[in-house]
Novice: 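Right, I'll just put the structure down here and ask away after.
Computed from a predicted structure; not experimentally measured. Just the heavy atoms: all of them, side chains too, but no hydrogens, waters or symmetry mates, feed the values below. Heads up: numbering here begins at 1 and tracks the sequence.
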Amino acid sequence: LQPREDSEERIRHFENLVHPSEAPHLTEMADDPLMHWLSYIKFYQNVFPSDTHEQFLLMERCTRALVKMRQYADDDRFIGVCAKYADKTKDPGQVFKYLHQQKVGTHTALFWIAWAYVAEKDNDFPFAEQIFKKGISKNPQPLQMLKLRHQQFQRRMSRHWLNSSQRTDQVDDDEDEGSRSRGTLGGLTREGLRRND
């Protein structure tokens, strides 16, 4: 690791580079402020790998600063920062909803894939399906990647529902409804867990 003074000097340097992009009401800049943000975040990850809180704050600042700049609306680099930031928040779904309202990521496959992943992780499968369909209708790039991820999601859902229905079939008819509903909770079987379904 670099000496502390050198690190502090580099931090001041990066702050000077990114600070102009944080001005309120700024909707575009001639240069590429995202390039400075990415360098700053990478510097922090390399020099202070254990300081995950500061890394999170940098990603949050970057997202807030550049979300209003149309030049980054469909920039894969910016979507990547937003997705990593969302992943570290308590409610990533809200971050994606906000980005969508700001018209960020509409034409970028990565945005729809990341948002659908968040919904699937929350077990909100119908919403994940909606996200995939809406994303495909916007013809984002690369479209083929989004379609492939959608097919993979649908295959996982087929296995999920198949496992659920098999578990339900195993419950005796004379058991009460409480037992029956417990049998359909996600079809979590030892075999299913072993296969990582």
Side-chain angles (χ1 to χ4, degrees), residues 34 52 55-56 59-60 62-64 66-173 175-197:
L34 177 57
T52 52
Q55 291 169 32
F56 168 78
M59 287 187 273
E60 182 177 49
C62 175
T63 301
R64 287 179 189 277
L66 305 186
V67 72
K68 54 197 183 294
M69 296 193 191
R70 296 327 304 152
Q71 69 205 77
Y72 296 121
D74 289 299
D75 189 313
D76 276 347
R77 299 171 304 160
F78 181 57
I79 305 298
V81 172
C82 294
K84 284 177 193 155
Y85 160 64
D87 189 47
K88 294 180 187 319
T89 64
K90 284 194 179 78
D91 191 351
Q94 285 304 316
V95 176
F96 279 98
K97 280 179 187 162
Y98 170 72
L99 293 170
H100 183 55
Q101 287 163 354
Q102 302 300 312
K103 298 185 170 41
V104 169
T106 307
H107 304 292
T108 309
L110 175 66
F111 173 80
W112 298 102
I113 290 166
W115 193 5
Y117 171 74
V118 164
E120 185 180 352
K121 219 164 90 170
D122 280 347
N123 292 324
D124 193 345
F125 306 127
F127 188 51
E129 176 67 16
Q130 268 180 23
I131 292 166
F132 275 118
K133 284 184 172 165
K134 176 133 188 194
I136 289 166
S137 78
K138 300 289 183 183
N139 201 28
Q141 295 306 312
L143 180 60
Q144 210 42 49
M145 188 210 292
L146 182 59
K147 286 181 170 175
L148 177 66
R149 293 298 178 91
H150 186 211
Q151 287 166 358
Q152 291 168 343
F153 167 75
Q154 288 178 320
R155 280 200 294 273
R156 284 194 301 278
M157 288 304 93
S158 296
R159 282 199 307 270
H160 173 78
W161 297 123
L162 184 65
N163 287 342
S164 293
S165 64
Q166 284 172 347
R167 290 286 295 143
T168 306
D169 293 344
Q170 291 169 6
V171 176
D172 290 334
D173 289 350
E175 285 190 275
D176 64 17
E177 283 301 308
S179 301
R180 186 181 298 278
S181 67
R182 280 197 299 278
T184 61
L185 282 177
L188 287 177
T189 62
R190 194 178 300 262
E191 177 64 13
L193 287 169
R194 190 181 65 70
R195 289 198 318 267
N196 198 22
D197 286 350

Novice: Identify the two heavy atoms, one from Gly80 and one from Leu110, that lie closest to each other, and give their separation to 0.1 Å.
Specialist: N-CD2, 4.0 Å
Novice: Could you tell me if the side chain of Met69 sits less than 4.5 Å from the side chain of Phe78, heavy atoms only?
Specialist: no
Novice: Of the non-hydrogen atoms in Ala116 and Ala128, which two are nearest, and what is the gap between them?
Specialist: O-CB, 3.7 Å
Novice: Counting heavy atoms not belonging to Lys68, are there more than 12 under 6.0 Å from its NZ?
Specialist: yes
Novice: Side chains of Trp112 and Ile136: does their closest heavy-atom pair fall under 4.5 Å?
Specialist: no
Novice: Answer yes or no on whether Lys97 is positioned over the face of Phe127, meaning its NZ or CZ is under 6.0 Å from the six-membered ring centre and within 45° of the axis.
Specialist: yes
Novice: How many angstroms lie between atom CG of Leu146 and atom CD of Gln141, to the nearest 0.5 angstrom?
Specialist: 10.0 Å
Novice: Please round to the nearest 0.5 Å and tell me the distance separating atom CG of Asp74 and atom NZ of Lys103.
Specialist: 12.0 Å
Novice: Please round to the nearest 0.5 Å and tell me the distance separating atom CZ of Phe132 and atom CD of Gln151.
Specialist: 10.5 Å
Novice: Heavy atoms, side chains only, cut-off 4.5 Å: are His160 and Glu120 in contact?
Specialist: no
Novice: Side chains of Cys82 and Thr63: does their closest heavy-atom pair fall under 4.5 Å?
Specialist: yes
Novice: State the CD-CG distance between Glu129 and Asp124, to the nearest 0.5 angstrom.
Specialist: 11.5 Å
Novice: Could you check Phe111, Tyr117, Tyr85 and say which one makes a ring-ring contact (aromatic ring centres under 6.0 Å, His included) with Phe96?
Specialist: Phe111
Novice: Does some side-chain heavy atom of Leu99 sit less than 4.5 Å from a side-chain heavy atom of Trp115?
Specialist: no
Novice: When rounded to the nearest 0.5 angstrom, what is the spacing between CD in Glu60 and NZ in Lys88?
Specialist: 13.0 Å
Novice: To the nearest 0.5 Å, what is the distance between CD on Gln102 and CG on Leu66?
Specialist: 13.0 Å
Novice: For atom CZ of Arg64, is the number of surrounding heavy atoms from other residues, nucleotides or ligands below 6.0 Å larger than 12?
Specialist: no
Novice: Can you give me the closest heavy-atom contact between Gly93 and Val118, atom names plus distance?
Specialist: N-CG1, 3.7 Å
Novice: At their closest point, which heavy atom of Cys62 faces which heavy atom of Val81, and how far apart are they?
Specialist: SG-CG1, 4.0 Å
Novice: Closest heavy-atom contact between Pro140 and Thr106?
Specialist: CB-O, 4.0 Å
